[in-house]
Every structure is written in C-alpha cells, then in structure tokens.
J.: 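Shown below is the structure under consideration.
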Amino acid sequence: MSTTLVIVGIGSNQNPLVHLRTAVGLLKQKFNLAKVSNVYESDAQMLPDSPQSWNQKYLNAAILIHAKIFDPHQFLYELKAIEKKMGRIDSNRWAPRPIDLDILYAHGIQINSEALNIPHLNLSERPFALLPAIEVFPGIEIFRPNWCAPWATTVPFNTVKSKKYFWPEFVGILNLTEDSFSDGGQYVSEENFKKQALKLYEDGANILDLGAESTRPGAIAVNPNDEFNRLNQALNWLKELKLDIKISIDTRNSDVLTKILNQHQIDLLNDVTGFESLGMLSILKETKIAAVVMHSVTIPPNQIQTLNTDENPNTQLITWWKNKLKILEKNNINLSRIIFDPGIGFGKTPRQNSHILENLQELSDIKQNIFLGFSRKSYLRQYTNSVASERDIATAVQLAKINMLFCQFLRTHDVESQMITLRMM
C-alpha cells in the first residue's frame, strides 16, 4: 500500500522544549513517524500593540510522517485534539502558546479551502517552518527564498538551528566502582566525584545516573552492603553540591534500592535486568518513579549468548518488549512511566548493536520513550583500536547515525562531545 509523505510543523514558546518533546510522544502514539528535524530557534512574531511579555523565543521543528491513509481533514482533527490535550486554548494572534501543530506539506496534494491549505499558507515566508521541513524532506516541492541556501548568513526572524536545545535528555554516567570498563576507580573519592558531577551538569546533563556495580563482561558481583554504601555516600555528596538535576539509580538489587529510596529522592530507576526479579518488580509496583527497563540476555554479558543472528534484532526486541509490557500491565504498572532500553552490548553481536542503533525506525511499534546507552562500549572496536576511555569520538560518530525520533534519553560518559555532535549534524 502506498503512503503519503506528510510534514507536520511543531512549535512552542511556553516551556517550549518540554512541550515539543511531549508533542512528539503524542504524535508517535497516533502516526507512523519517520524523521524529525533539529530544533530551531526564532524571534517571536509580534503585532505593533502586542504586550512585551509575548516577546519570547520560539522553538520549532518538523516531523516527517508516513500516512498509510491520508484524509487531510481527519489528520488535522487529530492534530487539534493533541493541541487541546496539551492545554492549547483559543488566544489572540501570535500570543504565547504551549504548542502549535500544523500540516505544512503533503507530497502530491494541494488543498485551498477556508478550513485547510496544503501546502501551508506563507510557508515560503516562514523560515522557522520551511527550514525544518526541508531538513526532513529535501524533495519538498515549494518555492525556496535565497535565505534557504546553507551559506545564507541572514535569515528572517533570526531563525537558527539551536545550539542549546536538543531532543534527547542527556544522562551523565557516574560510576562508583573500581572495575567499570572505561572509568573504574576514577570517581570513588569525594573530590573526583564532585568534580565530575559538576562537569556533567555544566556540560548540559539533565540526569546523573549513579551505579555502584560494574556489569562489564567478567565483572564480579558487588556485595549489597558495599553497593548501598557507595551509592548512599555519593548521593550525600550530591546533596552538598545542590545541583538542580534529576537523579537516576542504576541497580538490579532490590534490597539496595529499597534502602536508597527510604533515604533519598530519586527520579529514575535503571535496571539492566529489565525488572526481572520479583523484588525489583515489587518496587516498580509500589512507587510512581519512572523506570528504564533494559533488554539483556545475560548479566554480565557473554559474547556467546546473543540474539538470534538469523533474524532482525529489532524484530526480536519488539517481541520481547510486547511480552514485557504484558507482564507489567498484569502487575497494574502504569506504562506511561516505563522507558525502553534496547540494551546495547548486552546479548548482541557487534553487528547487531550497529544495526539496532542505525535502524531505530524499525522500532516504531514501541510507543514508549527510548533510552540509549552505547557510550564507549566494546562493539565500537569494529571501528577503532582505542581503549574504552578514548572512544568518545567513535561514540559521537555513532550518534550522528541515529534517528533522533527514537532517542529520548542518551546515556553518555561525556556530554560535551555528544552535544557538539548534535550541533554539527
């Protein structure tokens, strides 16, 4: 069955990045999303008598959608329903708003009516809509002013690709172990831990992920008391820093996690075993904290035990995820707080890891947010002989090949290099 290529523009200037991310998630529930543009910043459009409080930078992006059956008016109705769900109300022209969703273009379709115009009226005069649209679909058939040229230095409304705002939330890794594969022992002292936490925060991390047990191949299980003591001490150090940042705990031990939750405010639970144990599942049921549920074959990973190499790894991950969701639903766990992690490096061959990351659109049946952790991992030895601590460049190159529609959380050792990559993509 043929599909219609539809470009939807999204914009906001009220808590804009949060609203844009939310809109993408809701669109993902309704449509087959294929590609998302970078986030663009532009000056607000203002009427002469507009209040100065309306003069807030706008964030815009475009999404390419493959519509199997494209009924333009029904499609528009679905967009307006999402706007309403997100709190959009009727307001004065160009007033600040939480979300704008518009059909910018539908390939091969032209409509001119009072209710709907395709392509969107004045699209060629609005760089904050046209530039993202061209990015997701370079073949768009529409007039392109001179400012569309990549070398143009002046663009109306000061429209620029954002150097500050990105689709994924950055999760900075803070390992508290002696034997982690790339930074074992580096952050166990108070001075070094605080220094690295500050660096990750200042570089733009939204979340700090603390782990006190290595899950590298060949790693030895940590005594639960030691694991708790390391995490508890580090969390106390973080409190002293008074950083405005979310905290994730990376553990598979329910006793350790229970004690941590009794003493500290935690924002994200991260279990490499996918909450397989009854203890971890029980904690998930009792709390309302968001949780990363990771796919793995063995912990620690074993190079011999992997996904079936005769079948697409993403197909296998989707099957596993659907079964996992049934278990979670059966336990009355709200799936809106569940996050999917494909478990790069855990039970996959190097080629399978690469395929998963470079073909994330094959995971479109997974409607939950996706958490990616591929920083410095051993599968990158396909491309470099560098030791693990020197694989940030290889990690960045891999990031450049990823479809940002399917990366809501990016777990990384080095936030700065990954942000530079996204700016240059």
Side-chain angles (χ1 to χ4, degrees), residues 166 168-177 179-188 192-216 219 222 227-228 230-239 241 243-253 256-257 260-261 264-275 280 283-284 287 289-296 299-300 337-346 369-377 388-389 391-392 395 399 407-419:
F166 307 98
E169 292 189 61
F170 286 89
V171 182
I173 300 169
L174 272 171
N175 286 318
L176 304 164
T177 61
D179 59 345
S180 290
F181 73 94
S182 77
D183 55 7
Q186 289 189 29
Y187 309 123
V188 294
N192 288 349
F193 175 86
K194 287 183 174 179
K195 183 178 179 180
Q196 181 65 5
L198 278 170
K199 176 172 173 35
L200 290 169
Y201 173 74
E202 292 170 354
D203 285 346
N206 308 100
I207 302 169
L208 293 179
D209 188 47
L210 277 61
E213 180 193 28
S214 175
T215 52
R216 64 172 177 80
V222 174
E227 184 181 3
F228 168 75
R230 290 173 182 174
L231 289 170
N232 184 54
Q233 184 179 57
L235 288 165
N236 287 326
W237 289 340
L238 276 179
K239 287 178 182 177
L241 290 175
L243 303 179
D244 181 19
I245 197 165
K246 296 177 183 178
I247 302 299
S248 167
I249 294 297
D250 180 0
T251 184
R252 55 178 171 155
N253 190 305
V256 170
L257 185 56
I260 289 294
L261 294 177
H264 302 278
Q265 178 67 42
I266 303 301
D267 304 285
L268 189 65
L269 309 179
N270 185 7
D271 180 7
V272 294
T273 68
F275 292 85
M280 290 296 286
I283 292 174
L284 198 54
T287 69
I289 304 172
V292 179
V293 180
M294 193 188 89
H295 173 273
S296 60
I299 302 292
R337 63 187 177 99
I338 301 302
I339 299 164
F340 169 69
D341 182 347
I344 299 302
F346 289 83
N369 284 338
I370 295 179
F371 185 103
L372 295 177
F374 55 90
S375 177
R376 299 181 181 175
K377 289 192 173 177
S389 60
R391 293 184 195 143
D392 290 329
T395 301
L399 177 61
C407 180
Q408 281 72 47
F409 298 89
L410 179 64
R411 183 178 185 270
T412 181
H413 296 84
D414 182 62
V415 172
E416 182 182 22
S417 62
Q418 307 314 300
M419 277 199 170

J.: Could I get the full list of side-chain contact (heavy atoms from CB on, under 4.5 Å) partners for Glu416, not counting sequence neighbours?
T.: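 By the side-chain contact (heavy atoms from CB on, under 4.5 Å) rule, Glu416 matches Lys199, Asp203, Asp414, Ile420.
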J.: To the nearest 0.5 angstrom, please state how far the CG atom of Asp250 sits from the CG atom of Asn175.
T.: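 If I round to the nearest 0.5 Å, the distance is 8.0 Å.
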J.: Could you grab the distance from atom CG of Leu174 to atom CZ of Phe193, nearest 0.5 Å is fine?
T.: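 Here the rounded value is 5.0 Å.
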J.: On a heavy-atom basis, which atom in Pro168 and which in Asn206 lie closest, and how many Å separate them?
T.: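 Nearest heavy atoms, Pro168 then Asn206: O-OD1, 4.4 Å.
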J.: Check the pair Val171 / Thr412 against side chain to side chain contact (heavy atoms under 4.5 Å, CB included), numbers first and verdict last.
T.: CA-CA 6 Å; Val171 182; Thr412 181; over 6 Å; no
J.: Tell me if the NZ atom of Lys239 is crowded by more than 12 foreign heavy atoms within 6.0 Å.
T.: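 Atom NZ in Lys239 is crowded, with more than 12 foreign heavy atoms closer than 6.0 Å.
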J.: What closest approach, in Å, do Asp392 and Ser417 show between heavy atoms, and which atom pair accounts for it?
T.: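 Reported closest heavy-atom pair: CB-OG, 4.0 Å.
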J.: Using atom types as modelled and distance alone, determine if a side-chain donor or acceptor of Gln408 lies under 3.5 Å from a backbone N or O of Ile370.
T.: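 Yes.
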J.: Roughly how far, to the nearest 0.5 Å, is CG of Asn236 from NE2 of His264?
T.: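 Taking NE2 in His264 and CG in Asn236, the distance rounds to 5.0 Å.
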J.: Over all heavy atoms of both residues, which pair between Ala197 and Leu241 is shortest? Give the atoms and the distance, please.
T.: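 Heavy atoms only, the tightest pair is CB-CD1, 4.0 Å.
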J.: Please report the interatomic distance CG(Asn369) to CD(Glu169), rounded to the nearest 0.5 Å.
T.: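 Reported value, rounded in 0.5 Å steps: 8.5 Å.
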J.: For Thr273, does its backbone N or O pair with a side-chain atom of Ser296 as donor and acceptor, under 3.5 Å?
T.: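 A pair under 3.5 Å: no.
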J.: Would His295 and Phe346 count as a side chain to side chain contact (heavy atoms under 4.5 Å, CB included) here? Give the steps.
T.: CA-CA 7 Å; His295 173 273; Phe346 289 83; over 6 Å; no
J.: I need the minimum non-hydrogen distance between Ile207 and Ser248, along with the two atoms involved.
T.: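 In this case the closest contact between Ile207 and Ser248 is CG2-CB, 3.8 Å.
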J.: What's the verdict on side chain to side chain contact (heavy atoms under 4.5 Å, CB included) for Phe374 and Thr395, showing C-alpha distance, side-chain angles and the deciding distance?
T.: CA-CA 7 Å; Phe374 55 90; Thr395 301; 3.7 Å; yes
J.: Specify the closest pair of heavy atoms between Val222 and Ala212, including all atoms of both residues, with the distance to one decimal.
T.: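 Heavy-atom minimum between the residues: CG2-O, 3.7 Å.
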J.: Is it true that Arg252 and Glu213 make a salt bridge, defined as a side-chain N closer than 4.0 Å to a carboxylate O?
T.: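 Here Arg252 pairs with Glu213 in a salt bridge, since their nearest N and O are under 4.0 Å apart.
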J.: Counting C-beta onward and ignoring hydrogens, is there a side-chain heavy-atom pair between Thr251 and Asn270 closer than 4.5 Å?
T.: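 Thr251 vs Asn270: side chains apart.
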J.: Ile245: which residues meet the side-chain contact (heavy atoms from CB on, under 4.5 Å) condition with it, sequence neighbours left out?
T.: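 In terms of side-chain contact (heavy atoms from CB on, under 4.5 Å), with neighbours along the sequence ignored, Ile245 is linked to Tyr201, Ala205, Leu208, Leu243, Ile247.
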J.: Run through His413, Arg411, Gln418 and flag the one making a side chain to side chain donor-acceptor pair (under 3.5 Å) with Ser375.
T.: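 Among His413, Arg411, Gln418, the one that satisfies the side chain to side chain donor-acceptor pair (under 3.5 Å) with Ser375 is His413.
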J.: List the steps, then state whether side chain to side chain contact (heavy atoms under 4.5 Å, CB included) holds for Ile339 with Val293.
T.: CA-CA 6 Å; Ile339 299 164; Val293 180; over 6 Å; no
J.: Using 0.5 Å steps for rounding, measure from the CG atom of Leu269 to the CD1 atom of Ile289.
T.: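 With rounding to 0.5 Å, CG (Leu269) is 4.5 Å from CD1 (Ile289).
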J.: Nearest 0.5 Å, what's the CG-CD1 distance between Asp271 and Ile249?
T.: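 Interatomic distance, Asp271 CG to Ile249 CD1, rounded to 0.5 Å: 12.5 Å.
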J.: I'd like to know if the side chain of Arg376 and the backbone of Arg391 have a donor-acceptor N/O pair within less than 3.5 Å.
T.: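 A pair under 3.5 Å: no.
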J.: Tell me whether the count of non-hydrogen atoms from other residues, nucleotides or ligands lying under 6.0 Å of NZ in Lys194 goes above 12.
T.: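 Yes, NZ of Lys194 has more than 12 neighbouring heavy atoms, counting only those of other groups under 6.0 Å.
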J.: Taking Lys377 for the side chain and Ile344 for the main chain, is one N or O donor matched with an acceptor at less than 3.5 Å?
T.: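 Yes; at least one donor-acceptor contact below 3.5 Å.
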J.: Suppose we screen for ring pair (Phe, Tyr, Trp, His ring centres under 6.0 Å). Which residues come up paired with Phe275, at least two apart in sequence or across chains?
T.: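 Residues passing ring pair (Phe, Tyr, Trp, His ring centres under 6.0 Å) with Phe275: none at all.
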J.: If I compare all heavy atoms of Ala291 with all of Leu284, which pair ends up nearest, and what's the gap?
T.: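 In terms of heavy atoms, the two residues are closest at CB-CD1, 3.3 Å.
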